[in-house]
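Okay, so here's the structure we're looking at.
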Amino acid sequence: MKKKIVLWAALTAVALLVTGCAAEDPDAPAPRTPTARGDAPSAGTGAGDKAPGAPDRAAAYRKWGLKPFAAPPAPPATKPVVRPPGGPVPVISDIPTTEKIVFITIDDGAEKDPEFVTMMKDLEVPVTMFLTDAAIRGDYAYFAPLVAQGHGLANHTLTHPNLRTLSKDAQRREICGQQTKLTKRFGTAPRLFRPPYGNWNEATRAAAAECGVDAIVLWRESMQIKNMQYQRGDRKLHPGDIILAHFRGPSELKGRTMTEMTATMLRRIQEQGFTVARLEDYV
């Protein structure tokens, strides 16, 4: 009888090995998946693996109904837009580059939606904020977390006037006055300036230079409620384009929120195969 039992156990073990149905040891290490070279893949490099943090990033984008952007290229070693020492302040609407990148700028500061702060923290898409004192003087603190996130801080005058209607001295007061306020509030002096309505003249350039501005920034596209307005006839984004948006809420966006407008803008950028880079890395 003992011989039969031993023989039955041996035959059963052979059958389990052949069929691959051997019981698993819960404490045994997981089997290695061989690669073409016979090595186990490194973390984040195997087929279908994600880099550390990637799942969280994808989830953050899904929260806002978006797909993650491709990472922008490394900033150039030499900035393509530089004000020469003692030279005139350059006026730009785009950045000279062949990379499929665009730059997002947001003006004024009237709408202060806390959800937008959360959105920017989640998405980590760089923007540059051109702020007007008249629009933000009641709540400068709203913009502090956005600055802390690394978004650009830029000058959009004290009271949002049409600068072409003002003397050079009056323009200088508008530009330098806001430089002083932003520097005092946030501890850093803005290097970029945008004239309200995009209106400027040579007196604007001279006043901006006296106030320490490195570039006057205009735009190529402007984001409306659901679509972009294009300056070029082909109605397309081009490498290096600067996009204008505004801090606006439902009263100006026909019931849509700041975050909804921003999400739509980001989709329009992605649809054309572009990603977003940081303007201050190029100017």
Side-chain angles (χ1 to χ4, degrees), residues 50-51 53-82 90-108 116-130 146 149-154 191-192 194 198 215-248 253 256-283:
K50 296 180 183 292
D56 291 341
R57 184 167 183 264
Y61 272 76
R62 283 197 301 272
K63 172 183 174 182
W64 300 101
L66 298 166
K67 296 178 181 179
F69 275 96
T78 302
K79 293 182 179 183
V81 178
V82 178
V91 181
I92 60 172
S93 299
D94 49 48
I95 300 296
T97 180
T98 58
E99 302 280 1
K100 292 201 75 175
I101 55 175
V102 294
F103 306 92
I104 296 174
T105 62
I106 310 179
D107 280 13
D108 301 339
F116 178 74
V117 178
T118 302
M119 183 185 206
M120 291 294 97
K121 181 179 180 181
D122 288 345
L123 302 184
E124 299 182 344
V125 173
V127 303
T128 299
M129 305 176 292
F130 288 84
L146 291 166
Q149 290 171 19
H151 299 294
L153 178 70
R191 297 189 303 104
L192 307 180
R194 172 169 286 156
I216 293 174
V217 180
L218 305 181
W219 61 90
R220 283 292 186 181
E221 292 82 26
S222 61
M223 184 64 199
Q224 304 302 307
I225 298 174
K226 294 183 179 180
N227 292 294
M228 288 190 190
Q229 287 185 347
Y230 298 86
Q231 293 180 358
R232 300 184 185 91
D234 63 4
R235 296 180 57 79
K236 293 180 181 179
L237 295 172
H238 290 243
D241 277 2
I242 296 170
I243 299 171
L244 164 67
H246 290 84
F247 284 93
R248 288 176 175 165
L253 298 174
R256 292 169 67 84
T257 64
M258 176 82 181
T259 57
E260 288 173 326
M261 180 274 293
T262 302
T264 300
M265 174 173 59
L266 296 177
R267 289 189 196 98
R268 298 291 177 263
I269 294 169
Q270 286 185 321
E271 288 166 0
Q272 298 187 48
F274 284 80
T275 194
V276 182
R278 185 173 182 270
L279 182 59
E280 288 79 2
D281 290 336
Y282 290 76
V283 183

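Values below: every heavy atom of this structure, side chains too, minus hydrogens, waters and symmetry copies. Quantities reported herein were computed from a predicted structural model and do not represent experimental measurements.
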Exercise. With a 4.5 Å limit on heavy-atom distance, are the side chains of Ile106 and Met258 in contact?
Worked result: yes

For this session: Would you please test Thr262 and Val127 for side chain to side chain contact (heavy atoms under 4.5 Å, CB included) and show each step?
Result: CA-CA 11 Å; Thr262 302; Val127 303; over 6 Å; no

Exercise. Within 45 degrees of the axis of the six-membered ring of Tyr61 and under 6.0 Å from its centre: does Lys67 put its NZ or CZ there?
Worked result: no

Exercise. Run the side chain to side chain contact (heavy atoms under 4.5 Å, CB included) check on Leu279 and Ile95 step by step: do they pass?
Worked result: CA-CA 9 Å; Leu279 182 59; Ile95 300 296; 4.0 Å; yes

Problem set entry | Residue Lys79 excluded, over 12 heavy atoms near NZ under 6.0 Å | yes

Problem set entry | Pairwise distance CD1(Ile104) to CG(Asp241) - rounded to 0.5 angstrom | 12.0 Å

For this session: Would you mind listing every salt bridge (charged side-chain N to carboxylate O under 4.0 Å, His left out) that reaches into residues 259-269, with sequence neighbours excluded?
Result: Arg268-Glu271

Exercise. Which value, rounded to the nearest 0.5 Å, describes the distance between Leu146 atom CG and Gln149 atom CD?
Worked result: 5.0 Å

Problem set entry | Pairwise distance OG1(Thr105) to CD(Glu221) - rounded to 0.5 angstrom | 10.5 Å

For this session: Considering non-hydrogen atoms only, spot the tightest contact between Pro239 and Phe274 and give its length.
Result: N-CE2, 3.6 Å

Exercise. Are Leu266 and Leu123 side-chain neighbours, meaning at least one heavy-atom pair lies under 4.5 Å?
Worked result: yes

Seminar exercise, completed: Taking every heavy atom of Ala58 against every heavy atom of Pro68, the minimum-distance pair comes out as CA-CG, 3.9 Å

Seminar exercise, completed: Correct closest heavy-atom pair for Val81 and Pro96 would be CG2-CD, 4.0 Å

Exercise. In chain order, what residues pass the ring pair (Phe, Tyr, Trp, His ring centres under 6.0 Å) check against Phe116, with sequence neighbours excluded?
Worked result: Phe247

Problem set entry | Minimal non-hydrogen separation, Trp219 against Gln231, with atom names | O-NE2, 2.8 Å

For this session: Answer whether the closest heavy-atom distance between the side chains of Arg220 and Phe103 falls below 4.5 Å.
Result: no

Problem set entry | Pair Leu237-Met228, side chain to side chain contact (heavy atoms under 4.5 Å, CB included): steps then yes or no | CA-CA 10 Å; Leu237 295 172; Met228 288 190 190; 4.1 Å; yes

Problem set entry | Side chain proximity check, His238 to Asp94, heavy atoms < 4.5 angstrom | no

Seminar exercise, completed: In short, salt bridge (charged side-chain N to carboxylate O under 4.0 Å, His left out) pairs touching residues 118-128 with sequence neighbours left out are Lys63-Asp122

Exercise. Do Leu218 and Val91 have side chains that get closer than 4.5 Å, going by heavy atoms?
Worked result: yes

Exercise. Rounded to the nearest 0.5 Å, how far apart are CG of Asn227 and OG of Ser222?
Worked result: 11.0 Å

Exercise. Name the one of Gln224, Arg256, Lys226 that satisfies side-chain hydrogen bond (donor to acceptor under 3.5 Å, both in side chains) with Thr264?
Worked result: Arg256

For this session: For residues Arg248 and Met261, determine if any side-chain heavy atom of one lies less than 4.5 Å from a side-chain heavy atom of the other.
Result: no

Problem set entry | Atom pair OG1/NZ of Thr275 and Lys100 - distance to nearest 0.5 Å | 11.0 Å

Exercise. Hey, are the side chains of His151 and Arg278 touching, using non-hydrogen atoms and a 4.5 Å cut-off?
Worked result: no

For this session: Any chance you could lay out the side chain to side chain contact (heavy atoms under 4.5 Å, CB included) test for Gln229 and Leu244, step after step, and finish with the verdict?
Result: CA-CA 10 Å; Gln229 287 185 347; Leu244 164 67; over 6 Å; no

For this session: Give a yes or no on whether the backbone of Val283 and the side-chain of Arg191 come within a donor-acceptor separation of less than 3.5 Å.
Result: yes

For this session: Find out whether Thr128 and Val217 are in side-chain contact, i.e. whether some heavy atom of one side chain is under 4.5 Å from a heavy atom of the other.
Result: no

Problem set entry | Gln270 CD to Phe69 CZ distance, which is reported to the nearest 0.5 Å | 4.0 Å

